[in-house]
Protein chains: 2
Amino acid sequence: MNISPKKISDHQLEDQEISINHQKLIDATIETIAKRGLGDTTIAQVAKKAMVSQGYANFRFKSKENLLLSSLKFLSDEYKNSWQRIFEDNNLDPVGRVIKIIENDFSGKIANRNKIAVWVSFYSEVKFRPSYLSICQKQDEIYSSQMEKLIKEVNILSNQSFLTSREISETYLSMVDGLWQRILFDPKMYSHVFCKDLIKKYFRNIYADEKRFV
Amino acid sequence: MNISPKKISDHQLEDQEISINHQKLIDATIETIAKRGLGDTTIAQVAKKAMVSQGYANFRFKSKENLLLSSLKFLSDEYKNSWQRIFEDNNLDPVGRVIKIIENDFSGKIANRNKIAVWVSFYSEVKFRPSYLSICQKQDEIYSSQMEKLIKEVNILSNQSFLTSREISETYLSMVDGLWQRILFDPKMYSHVFCKDLIKKYFRNIYADEKRFV
DNA sequence: TTTTGTATTGAATAATCATTCAATATGAGT
DNA sequence: ACTCATATTGAATGATTATTCAATACAAAA
């Protein structure tokens, strides 16, 4: 039996698998939302940017709604992968992990103005589209609980007991959301360095002995 | 010369003055955005809710864009008035003022899910509509600088010098934005009490001697 | 009552856009 | 070379919606 590699054409891929065009359309959707806003994003523009016909974009995703949903899912997974890698990295101690988390949340890949514009566009529809809400919420719940567990470890190691791990992680998460939003308004003032330093200073204040929070 | 009060009909009002219909339309716009989202808000729906004809809504505000802008301006002014009253209240000492500010930011009038949904809708368009940006930004700049000055007073009174007033006020402002956004996702978990307590705990940690941060 | 200027209506218009689908291209298997 | 299944096109369709405007209601003044 010949097991040499065969060329696989698109039509042989299952629905769940990702074809070139599938990903091209998702990328184009994100770029279009970032450039023009969710309200002014049309299938025609996305298709043009992805260099496929308008009809094809609709055919491939069944509906515009579904294309948007898939794009949100993609963004959401991209973010999740980035922080999951940090939680799974066994070479890190708790404080080192917190620092990596902060750096990830304000890395160029995650916290750039285009991506934030897309996130906020979807956030703004969360109240009216349960499907958006469930994607955003499920991810956030896991992140929250992982974060709280991590802070609990740091609390124990540093004998910090005035603030609970829940309080510290909720403060962290709300600050991140707030700072992202502010990056959208004024990216110059809210530079990545500014945001990271602000958050590190917060931790430095709590864990006075821990010199790694710069 | 007769100076007895005259009935003033709408057409005698200047552009800048507010007629009944003007405000009815703005209220209806905010309600419609809160219920259906900015993208699904049509002049027809707003006009229906305000109980005027569709043509009139357009005539009165010249364009949909202008109606939306006026509604954002209204929300923005409402918020500004609420915190300006606190900054101008001479009966308050610095810590009392901070507490009032926190309570205002999470009062039912300001931090309810409908209003937040409207805010976030506009935020999400800020990158694409400079007119939205300038309304939001101008307001925020004043609030920021007032807040920083206030924190500086508290820092001095309490001999706190590790965190600068800028750092504390920026942390506060980003937490408020982040928590508002989270209220949108999960209003049960992020209750007003939860949000206020979280923020007060932040201040309590900084100003350990100040018993008023509950 | 009649006139006159403004307020308000609601139907018509024109533009935009998601969706459909018949037609065509592509490329693997025979 | 031919067949056949799938991929892709792009023009047509129908729905939605902001905007316009001629027609009407209204209310104050004469």
Side-chain angles (χ1 to χ4, degrees), chain A residues 1-2 4-26 28-29 32-33 35-71 121 125 128-129 131, chain B residues 2 4-15 17-26 28-29 32-33 35-71 121 125 128-129 131:
Chain A
M1 194 209 268
N2 191 348
S4 70
K6 266 187 195 168
K7 254 206 183 146
I8 298 171
S9 62
D10 274 358
H11 72 271
Q12 290 176 276
L13 292 170
E14 294 295 313
D15 254 16
Q16 296 297 18
E17 292 188 63
I18 290 161
S19 78
I20 305 288
N21 279 341
H22 184 101
Q23 190 56 40
K24 267 205 302 188
L25 279 164
I26 286 178
T29 302
T32 305
I33 297 172
K35 186 180 285 178
R36 315 178 49 105
L38 189 54
D40 286 344
T41 292
T42 67
I43 295 251
Q45 286 154 5
V46 170
K48 192 180 172 189
K49 183 158 292 195
M51 289 189 297
V52 299
S53 72
Q54 182 174 349
Y56 182 69
N58 228 282
F59 165 79
R60 197 59 160 81
F61 282 88
K62 295 205 310 287
S63 71
K64 184 189 183 185
E65 181 63 18
N66 195 249
L67 171 59
L68 294 175
L69 212 56
S70 302
S71 303
S121 293
E125 293 281 301
F128 320 105
R129 306 193 201 261
S131 48
Chain B
N2 191 348
S4 71
K6 267 187 194 169
K7 254 209 183 142
I8 297 170
S9 62
D10 274 358
H11 71 269
Q12 288 176 277
L13 292 170
E14 292 298 311
D15 255 15
E17 292 189 65
I18 290 161
S19 76
I20 305 287
N21 279 340
H22 183 101
Q23 190 56 41
K24 266 206 301 186
L25 278 163
I26 286 178
T29 303
T32 305
I33 297 172
K35 186 181 287 176
R36 316 179 47 107
L38 189 54
D40 286 345
T41 292
T42 67
I43 296 251
Q45 285 153 6
V46 171
K48 192 179 173 190
K49 183 158 293 196
M51 290 189 297
V52 299
S53 72
Q54 182 175 349
Y56 181 69
N58 228 282
F59 165 80
R60 197 56 159 84
F61 282 88
K62 297 204 310 285
S63 70
K64 184 189 182 186
E65 182 62 17
N66 194 248
L67 172 57
L68 294 175
L69 211 57
S70 302
S71 303
S121 293
E125 292 282 299
F128 320 106
R129 304 191 203 264
S131 48

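Order of the sequence lines sets the chain letters (A, B, ...), proteins ahead of strands, with each chain counted from 1.
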Are any of Asn58(B)'s side-chain N or O atoms less than 4.0 Å away from OP1 or OP2 of dT19(D)?
yes
If you check the Ser53(B) side chain, which of dT17(D), dT19(C), dG10(C) turns out closest?
dG10(C)
Grab the NZ-C1' distance between Lys62(B) and dA18(D) for me, whole Å please.
15 Å
Nearest whole angstrom, please: distance from the P of dT16(C) to the CG of Asp40(B).
20 Å
dT6(C) P sits how many Å from Ile20(B) CD1, rounded?
20 Å
Are any non-hydrogen side-chain atoms of Asp40(A) and Phe128(B) less than 4.5 angstrom apart?
no
Measure from the side-chain heavy atoms of Asn21(B) and tell me the nearest of dT20(D), dT8(C), dA18(C).
dT8(C)
Minimum-distance nucleotide (side-chain atoms of Lys64(A) versus dT20(D), dA18(C), dT17(D))
dA18(C)
Select one nucleotide: of dT19(C), dA18(C), dA7(D), the one nearest the side-chain heavy atoms of Tyr56(A).
dA7(D)
In whole angstroms, how far is the C1' atom of dT19(D) from the CZ atom of Phe59(B)?
13 Å
Answer yes or no: are there more than 12 heavy-atom neighbours, outside Lys48(B) itself, under 6.0 Å from its atom NZ?
no
Just so I know, are the side chains of Lys35(A) and Lys49(A) near enough to count as touching, which here means a heavy-atom distance under 4.5 Å?
yes
Among dT8(C), dA18(C), dT8(D), which nucleotide sits nearest the side chain of Ile43(A)?
dA18(C)
Atom CD of Gln54(B) to atom P of dA11(C): distance rounded to whole Å?
10 Å
For the pair made of CE in Met51(A) and P in dG10(D), what is the distance, rounded to whole Å?
14 Å
Phe61(B) CZ to dA7(C) C1', straight-line distance once rounded to whole Å:
15 Å
Thr41(B) versus Lys64(B), closest heavy-atom pair with distance
O-NZ, 2.9 Å
With DNA chain C as reference, determine whether Val52(B) or Gly39(A) sits nearer its 5' end, using the nearest nucleotide of each.
Val52(B)
Would you name the heavy atoms of Glu125(A) and Leu38(B) that are closest together and state the gap between them?
OE2-N, 4.4 Å
Using whole Å, what does the distance between atom C1' of nucleotide dT9(D) and atom NZ of Lys48(A) come to?
17 Å
